[in-house]
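Protein chains get the first letters and strands the later ones, always in sequence-line order, with residue 1 at the start of each.
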Amino acid sequence: MPELPEVEVTRRGIAPDLVGRRLASADFRVPALRYPLPHEERSQFVGRRLVSITRRGKYLLLDFGSGHLLIHLGMSGSLRLVPALTPPDKHDHVDLVFGRTALRLRDPRRFGAMRWIEGDPMQHPLMAVLGMEPLTADFTAAWLKAQLQGLKAPIKPTLMDGHRLVGVGNIYASESLFRARIDPRTPAGKISLQRLERLVPVIKATLTAAIEAGGSSLRDFIQSDGSSGYFQQQYFVYGRTGKPCRVCGRPIRELRQGQRATFHCPHCQR
DNA sequence: CTGGTCACCTGGAAGC
DNA sequence: TGCTTCCAGGTGACCA
């Protein structure tokens, strides 16, 4: 599930319980996720106090003063707070134990990542290549127009390219383009400034609404029963192939762009 | 640089 | 019922 809103909701869900507390131990039950887990660097952060948890794109950065622990949830990752010593399930790969509470990483597909970064985390190769944060004032139609200049690739996969714009994944790319009434197949460089002035606020609003919807389920992060902590969203197009468009009633269509499913309403999006 | 494809990994759903 | 195939919210590597 983790696109920007889910990562941000996770951050808000776990930060109040963890910030300011000392990391007592770190248990790694698999050797690697996307990258080898930070076994050797463990001594660098065990015993340290957690200063803050911030987000950059879909990454979480846990600041331990002497360095940052970077966490990415991949396709199937989730973080929950559980009472320490809670027996792990099959895909509970990492526990960061803070006193009586453990931050538990579950990730069945293991596309997620956890890395220890020393120095300025934004200089790290994984961070330095990241694009614009969509929920900032710098993300404007004029900026996006310049970014898309000359690009022939379709707008939908282009919006999902984290080297240009971070946080917008497969769900919110389809949803945002529907709300902005833009056909996902439109060559990115051909979209007028006028239409981008519609798209940019829509992306901000779509992500913000999803974060706010997740806020109501924040308490799930401190449940120990394994409930997901994520929220169900009322989507306009995502996963609604063949179902009536919520605006015009015509069937939602599905197509594939870059091996990913795209959902759209051919009547409403042009 | 751009644009396209593949790989990583597991599990659930759909198809036969 | 049981086996096979396809698909899933991300992204880095690789190629032309």
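- The interatomic distance linking A:Gln147 (CD) with B:dC1 (C1') rounds to 13 Å, in whole Å.
- In this structure, a donor-acceptor pair under 3.5 Å is absent between the side chains of A:Arg253 and A:Thr241.
- Inspection of the A:Glu175 and A:Thr206 side chains reveals no N or O donor paired with an N or O acceptor under 3.5 Å.
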Dot-bracket summary - DNA chain B, pairs being Watson-Crick or G-U whose distances fall under 3.5 Å, with | when paired to another strand | .|||||||.|||||||
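- Rounded to the nearest Å, the gap between the C1' atom of C:dT11 and that of B:dG12 is 23 Å.
- Shown here are the ring pair (Phe, Tyr, Trp, His ring centres under 6.0 Å) partners of A:Phe28, two or more places apart in sequence or in another chain: A:His39.
- Nucleotide B:dC1 holds its C1' atom 15 Å from the CD atom of A:Gln149, rounded to whole Å.
- One interatomic measurement links the two molecules: CZ of A:Arg106 to C1' of C:dG9, which rounds to 17 Å at whole-angstrom precision.
- For CG of A:Leu85, the number of neighbouring non-hydrogen atoms (other residues, nucleotides, ligands) closer than 6.0 Å is 12 at most.
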Take A:Asp17 and A:Thr101 through the side-chain hydrogen bond (donor to acceptor under 3.5 Å, both in side chains) test and state the conclusion after the steps.
-> CA-CA 8 Å; A:Asp17 285 65; A:Thr101 299; 5.3 Å; no
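- Using atom C1' as the reference point in both B:dG11 and C:dG12, the two lie 24 Å apart (nearest Å).
- Hydrophobic side-chain contacts under 4.5 Å tie A:Leu126 into a cluster, directly or through other members, with A:Tyr35, A:Tyr59, A:Leu61, A:Leu70, A:Ile117, A:Met122, A:Met127, A:Leu130, A:Val166.
- Looking at A:Val19 and A:Ile14, their side chains never come closer than 4.5 Å, going by heavy atoms from C-beta outward.
- Checked by atom type, the side-chain pair A:Arg250/A:His267 shows a donor-acceptor distance below 3.5 Å.
- Contact check on A:Arg106 versus A:Asp89 returns a salt bridge, with a Lys/Arg side-chain nitrogen under 4.0 Å from an Asp/Glu carboxylate oxygen.
- One atom, CD1 of A:Ile71, and another, C1' of C:dG10, lie 16 Å apart when rounded to the nearest Å.
- A:Tyr238 has its OH atom 4 Å from the P atom of C:dG9, to the nearest Å.
- Listed in residue order, the members of residues 87-96 of chain A having a heavy atom less than 4.0 Å from DNA chain C come to none.
- Hydrophobic side-chain contacts under 4.5 Å tie A:Leu255 to no other Ile, Leu, Val, Met, Phe, Trp or Tyr residue.
- Under a 3.5 Å cut-off, the side chain of A:Arg104 and the backbone N or O of A:Asp95 do not form any donor-acceptor pair.
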Quick one: which protein N/O atoms are closer than 3.5 Å to N/O atoms of nucleotides 5-9 of chain B? Pair and distance per line, please.
unit_1	atom_1	unit_2	atom_2	d
B:dC9	O4'	A:Arg109	O	3.4
B:dC9	O3'	A:Arg110	NH2	2.8
B:dC9	O2	A:Arg109	NE	3.0

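- If you measure from atom CZ of A:Arg56 to atom C1' of C:dT11, you get 15 Å, rounded to the nearest angstrom.
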Tabulate below the donor-acceptor pairs under 3.5 Å that side-chain atoms of residues 157-164 of chain A make, not counting sequence neighbours, or state none.
unit_1	atom_1	unit_2	atom_2	d
A:Thr158	OG1	A:Pro154	O	2.7
A:Asp161	OD1	A:His163	N	2.9
A:Asp161	OD1	A:His163	ND1	3.1

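- For the P atoms, the distance linking C:dG9 with B:dG3 amounts to 22 Å, nearest Å.
- Remark: A:Leu151, A:Lys152, A:Ala153, A:Arg164 in residues 151-169 of chain A come within less than 4.0 Å of DNA chain B through at least one heavy atom.
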Would you tabulate the pairs of protein nitrogen or oxygen atoms and nucleotide nitrogen or oxygen atoms of nucleotides 5-7 of chain C closer than 3.5 angstrom?
none

Taking N or O atoms only and anything under 3.5 Å, show me the protein contacts with nucleotides 12-16 of chain B, one pair per line.
none

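- At least one donor-acceptor pair closer than 3.5 Å links the side chain of A:Arg195 to the backbone N or O of A:Arg181.
- A straight line from CD of A:Glu6 to P of C:dA8 spans 16 Å, rounded to a whole angstrom.
- In this structure, the side chains of A:Arg246 and A:Arg240 come closer than 4.5 Å at one or more pairs of heavy atoms.
- The shortest distance between side-chain heavy atoms of A:Tyr172 and A:Leu4 does not fall below 4.5 Å.
- Considering only heavy atoms from C-beta on, A:Leu148 comes within 4.5 Å of A:Ile155 through its side chain.
- Using a 4.5 Å heavy-atom threshold, the side chains of A:Leu196 and A:Thr140 count as separate.
- Rounding to whole angstrom units, NE2 of residue A:His72 and C1' of C:dG12 are separated by 11 Å.
- Pairs engaging residues 133-144 of chain A under the salt bridge (charged side-chain N to carboxylate O under 4.0 Å, His left out) rule: A:Arg55-A:Glu133, A:Arg56-A:Glu133 [sequence neighbours left out].
- A:Tyr238 pairs by the ring pair (Phe, Tyr, Trp, His ring centres under 6.0 Å) definition with A:Tyr235, A:Phe263, not counting sequence neighbours.
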